[in-house]
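As structure tokens, the structure follows; a few thoughts come after it.
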Amino acid sequence: MMDFLKEAARVAPSKRQLDWFDLEMYAFIHFGPNTFTNREWGLGTEKEEIFHPEKLDCDQWVDAIKKAGMKGMVLTAKHHDGFCLWPSRYTEHSVKNSPFRGDVVREAAEACRRGGIKFGFYLSPWDRNSPYYGTPEYNEYFCSQLTELLTEYGDIFYVWFDNACGEGPNGKKQTYDFRRYFELIRKYQPDAVIFNDGGPDVRWCGNEAGKARHAEWAVVPSELCFHGEVQTGPGPMADEGSLSWMYNTEDEIGTMANILYSRGLTYVPAEIDMSIRPGWFWHPEEEPHSLERLFHTYLTSVGANACLHLNIPPTREGLLDERDVRRLAEFGDMIRKHFGTPLPAKVTKRENTPPTQPVYRIEFDGDAPDIRYVVLKEDIARGQRVESFLITAETWNGGQYPLFQGTCIGHKKICPLRDPFALQNPLIDVAGEKISALNVQVTAARDEVLMKSVEVY
Ligand code: FUL
């Protein structure tokens, strides 16, 4: 048991996963025939001529994305309707037969490069237009398209695969050859991370509401992320088939009770994908979510050991909606206001605490300032280890008051000590006295705790 926990503590990310984690937030762009037909899922029978953005300006997209602090963009090069936003050599169902005639993928990739952010794409395996769909030729067709995108548009940081598998135009379903798709990506873009329900690099968090689990481990059973690299032996309770129930929508996946039953663990962190509006595509009647909702989502994604993939859909003109542009700027301003610079504080590790239960003491020059958050980071390059922790406030007369109880930490855990929109400061209300210090007490860990930083904001 102890040996297995030590192994679990050492399951570590690849260099490309570490780089991806540091991006924290990047944009999703859903654009295509659906933008013009007011649908979410196209039928595949849409005429090419409906795609007619007259004012396409990808620099405007990039500008707005950067104002929110996002560091990359992922474009739907092809959605389920099969229409390609680039002039693919392998189909007539693309921009080349639309009045637009240009190459949206190229314009988006170049705008990202000019703006200094990363570019990636979504290529839907489900294709409701391709006559090959449902036959072995479809995997050929898909790989040819994937190769075009991987070799003709410069550096790609992310390839996003949806698992949806409906019927094609001939009523058949397709068996996707994901392993072959992944090999192509590793061959042509070795630094790109791959998103897919089963890994290998990043997995879906299980909802589109913008919320991580209460314990969002990046170290998960390989029964869930079967495309990930298995980095441990079997757990002490492992039994053939015992975790076969596990899917992304389960509430518990990486917790101790589950990993003990796994036949091997893998490092596949979660992405929280959500749209700024109710739909993924632009619909004239929809409004962007409130600033409060977006900011809470930031706390429950970036602040919960995941990355946030926020979708902003262009309008029929090919521009981001002004209402969304304003919301993105407000969102970025709020993040910078709350997390711009940490408050001055002295952090020391208390002596003689056990390696798996260290206590970090946060002291201030005089009374504690107006603290809203404690932000914790583990040194994940060496694994994810903390199982649970407690933050307490200490008053000048020695009283200890619990402020926050947390589960895992990982890349970044933002612990809000009060509602970011509330005026009152419960730190003062709870203690009723002046606070002299905070204590972050790790209550359980899989091995020696390796903390990267402890900060207050
Ligand atoms: C889903 C798709 O079916 C939606 O249309 C959207 O693209 C979302 C990001 O993934 O599974």
Side-chain angles (χ1 to χ4, degrees), residues 20 25-46 51 61 65 70 72-86 93 104-105 108 119-130 133 142 145-146 149 157-169 173-174 176 178 181 193-199 201-212 224-225 227 247-250 269-283 286 288-289 294 297 301 306-315 320 324:
W20 166 85
M25 272 203 301
Y26 39 85
F28 223 162
I29 300 280
H30 275 66
F31 191 38
N34 295 338
T35 313
F36 298 85
T37 56
N38 214 17
R39 297 183 69 100
E40 276 291 304
W41 281 2
L43 303 171
T45 49
E46 294 79 11
F51 187 78
W61 305 359
I65 286 167
M70 293 191 270
M73 177 210 285
V74 180
L75 172 68
T76 52
K78 176 181 92 165
H79 202 254
H80 308 329
D81 53 44
F83 182 83
C84 299
L85 292 186
W86 80 104
H93 195 47
V104 185
V105 176
F119 178 71
F121 60 85
Y122 167 119
L123 187 67
S124 170
W126 184 22
D127 190 319
R128 304 178 90 175
N129 177 271
S130 171
Y133 195 84
F142 192 84
Q145 294 201 320
L146 189 55
L149 293 171
F157 88 103
Y158 206 19
V159 181
W160 208 99
F161 289 128
D162 191 74
N163 266 27
C165 182
E167 290 178 357
K173 287 196 181 178
Q174 178 72 35
Y176 304 136
F178 278 119
Y181 311 162
V193 284
I194 304 172
F195 174 99
N196 185 248
D197 274 7
D201 300 324
V202 178
R203 66 184 160 82
W204 184 44
C205 66
N207 65 79
E208 293 176 350
K211 207 175 171 316
L224 176 76
C225 288
H227 292 302
Y247 183 60
N248 270 314
T249 48
E250 294 293 335
E271 171 191 284
I272 312 292
D273 64 332
M274 165 179 148
S275 186
I276 196 167
R277 293 157 163 253
W280 290 103
F281 287 87
W282 185 81
H283 305 289
E286 289 186 353
H289 296 313
L294 291 187
T297 300
S301 56
C307 279
L308 175 57
H309 196 181
L310 182 65
N311 179 69
I312 318 102
T315 62
L320 296 191
D324 300 358

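Note that ligands are numbered from 1 as they come in the structure, with each ligand's atoms numbered from 1 the same way. These values consider heavy atoms only, across backbone and side chains, with no hydrogens, waters or symmetry-generated copies.
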Yes or no: does Phe28 have any heavy atom under 4.0 Å from an atom of ligand 1?
yes
of all protein heavy atoms, closest to atom 2 (C) of ligand 1 is His80 NE2, 3.4 Å
Would one find an N or O of Trp160, backbone or side chain, under 3.5 Å from an N or O of ligand 1?
no
Within the 4.0 Å heavy-atom shell around Tyr122, which atoms of ligand 1 are there?
2 (C), 7 (O)
Whether Thr76 side chain and Ile29 backbone form a donor-acceptor pair below 3.5 Å:
yes
Would you say ligand 1 has an N or O under 3.5 Å from any N or O of Trp280?
no
Starting from atom 11 (O) of ligand 1, locate the nearest protein heavy atom and write down its residue, its atom name and how far away it is, to 0.1 Å.
Asp162 OD1, 2.5 Å
Protein heavy atom at shortest distance from atom 5 (O) of ligand 1
His79 NE2, 2.9 Å
When you measure from the side chain of Asn34 to the backbone of Thr37, do you find a donor-acceptor pair of N or O atoms at a distance under 3.5 Å?
no
Taking Phe281's backbone N and O only, do any of them form a donor-acceptor pair with His283's side chain (distance below 3.5 Å, no angle check)?
yes
Indicate yes or no for a side-chain donor-acceptor contact from Arg277 to the backbone of Gly279 under 3.5 Å, with no hydrogens or angles considered.
no
Which of the numbered atoms in ligand 1 are below 4.0 angstrom from a heavy atom of His30?
6 (C), 7 (O), 9 (C)
Just to check, does Trp41 reach to within less than 4.0 Å of ligand 1 when the distance is taken from its heavy atoms?
yes
Are the side chain of His289 and the backbone of Ser275 linked by a donor-acceptor contact shorter than 3.5 Å?
yes
Strictly distance-based, threshold 3.5 Å: is any side-chain N or O of Trp126 a donor or acceptor partner for the main-chain N or O of Glu167?
yes
Parallel, tilted or perpendicular: which one describes the rings of His30 and Tyr122, with boundaries at 30° and 60°?
perpendicular
